[in-house]
Amino acid sequence: MVPIENAASPSGARRLSLRVLPRTFYDRDTEVVARDLLGRILECTRGGVTVRGIISETEAYLGEHDPACHAAVGRTRRTAGLYGPPGTAYVYFIYGMYWCVNAVTRAEGLPSAVLIRGVRPLDGLEDMRKRRHGRRRGAEVADHALADGPGKLCVAFGIDGPTHHGADLVRGATLRILRGAPAADADVRVTARIGISKAKEWPLRWVLKRQTADGGR
DNA sequence: TCAACGATTTTCT
DNA sequence: GAAAATCGTTGAG
């Protein structure tokens, strides 16, 4: 596919590939996939509208031995998706009002995934604003904050369980992850995961450092 | 059947 | 910084 200019970094002549990431990308250790997902492009097409964003924050959930992973309770109706093939979407409902989207990793039968916690809006900003605005009473949402949280990004991208749970990120038509431009090590920060009560200290969160005019740190 | 809680976000004090 | 909004999943009774 033809590369496009990165609209989110006008200064850099960085090119982003729109080729879809292959299944083998996801069939690796979850930490590796979580790190490698930074800089890639999340794309969602719904109702003839396509929105895209650069993945800027991820977390790894390792499997049944990870106390913070949903699969810690074993295989249930809810967690069955985590045991699915690599490169599928695991979408769950949280706090009675938000959806969160994960990319399932490792071989089928191994319940692990990467939570996509944030993206930098790239295409379809107007549609993201529309979707997000419908949920708020107050002021306008700044562009950089349109999808900088797991719940927010699902609202902005129109992602929900009934539509996207189990979706194929590789061969599907609605939710995909494109190659983009992988992040350099100097642009990546590793921290503990957010908002969990178990295994709090495990360093399994990867964040893209804030972008400045000179593309710097 | 029931109560507690959660991989969150927003608003109010 | 605290609390509300809001409901499916889980585990105990």
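Criterion: ILVMFWY side-chain heavy atoms under 4.5 Å apart, direct or through other members. Under it, V141(A) and L122(A) are part of a common hydrophobic cluster.
For R75(A) and dT10(C), the CZ to C1' distance is 18 Å, given to the nearest whole Å. The separation between I159(A) atom CD1 and dT8(B) atom C1' is 15 Å, rounded to whole Å. Rounding to whole angstrom units, CZ of residue R77(A) and P of dC7(C) are separated by 19 Å. One can place CG of L153(A) at 12 Å from P of dT8(B), the figure rounded to the nearest angstrom. At whole-Å resolution of the value, CZ in F93(A) and P in dT9(C) are 10 Å apart. In this structure, CD1 of I94(A) is placed 9 Å from C1' of dC5(B), rounded to the nearest angstrom. Between H133(A) atom NE2 and dT9(B) atom P the separation is 19 Å, expressed in whole Å. The distance between atom CD of E59(A) and atom P of dG6(B), rounded to the nearest whole Å, is 15 Å.
Taking for each of G149(A) and S197(A) the nucleotide of DNA chain B with the nearest heavy atom, the 5'-most of the two is the partner of S197(A). Residue whose closest nucleotide on DNA chain B sits further toward the 5' end, between P150(A) and K198(A): K198(A).
Spacing of P atoms, dC5(B) relative to dA3(C), comes out at 15 Å, to the nearest Å. Distance check on atom P: dT6(C) versus dC2(B) gives 22 Å, rounded to whole Å.
Candidate nucleotides dT9(C), dT8(B), dA7(B) were compared by shortest atom distance to the side chain of L82(A), and dA7(B) ranks first. Of the candidates dA7(B), dT8(B), dG11(C), dT8(B) carries the atom nearest the Y95(A) side chain, counting heavy atoms from C-beta on. Among the nucleotides dA5(C), dA7(B), dT10(C), the one closest to any side-chain atom of M97(A) is dA5(C).
Across all strands shown, R117(A) has heavy atoms under 4.0 Å from sugar-phosphate atoms exclusively, and none from any base. At the heavy-atom level, L115(A) lies under 4.0 Å from base atoms of the strands shown. Among the atoms of the strands shown, only primed sugar atoms or phosphate atoms (P, OP1, OP2) are found under 4.0 Å from some heavy atom of G151(A). Backbone-only contact: R78(A) has heavy atoms under 4.0 Å from sugar-phosphate atoms and none from a base.
Taking 4.0 angstrom as the limit, K152(A) places a side-chain polar atom (N or O) nearer than this to OP1 or OP2 of dT10(B). At least one side-chain nitrogen or oxygen of H70(A) sits closer than 4.0 Å to the OP1 or OP2 atom of dA7(B). OP1 or OP2 of dT10(C) sits under 4.0 Å from a side-chain N or O of T76(A). For dT10(B), one of the phosphate oxygens OP1 or OP2 lies less than 4.0 angstrom from a side-chain nitrogen or oxygen of R132(A). Residue R205(A) places none of its side-chain N or O atoms closer than 4.0 Å to OP1 or OP2 of dA7(B).
Base pairing of dA7(B) is not made with any nucleotide, judged by Watson-Crick or G-U wobble geometry with both donor-acceptor distances under 3.5 Å. Base pairing analysis places dT6(C) opposite nothing; no Watson-Crick or G-U wobble pair with both distances below 3.5 Å involves it.
Remark: ring of Y98(A) does not overlap the six-membered base ring of dT8(B) in a stacked fashion, as centroids less than 5.5 Å apart with planes less than 30° apart are not both met. Residue ring and base: Y61(A) counts as stacked with dA7(B) (centre distance below 5.5 Å, interplanar angle below 30°).
Residue T105(A) forms a side-chain hydrogen bond (donor to acceptor under 3.5 Å, both in side chains) with just one option from D27(A), T30(A), T88(A), and that option is T30(A). Residue E57(A) forms a salt bridge (charged side-chain N to carboxylate O under 4.0 Å, His left out) with just one option from R120(A), R193(A), R205(A), and that option is R205(A).
The neighbour count for R189(A) CZ, taken as heavy atoms of other residues, nucleotides or ligands under 6.0 Å away, does not exceed 12.
A salt bridge links R35(A) with D185(A): at least one charged nitrogen is closer than 4.0 Å to a carboxylate oxygen.
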Stepwise ring pair (Phe, Tyr, Trp, His ring centres under 6.0 Å) check, Y92(A) with H70(A): CA-CA 10 Å; Y92(A) 67 90; H70(A) 289 173; 4.6 Å; yes
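Annotation for P203(A) and V190(A): closest pair O-CG1, 3.8 Å, computed over non-hydrogen atoms.
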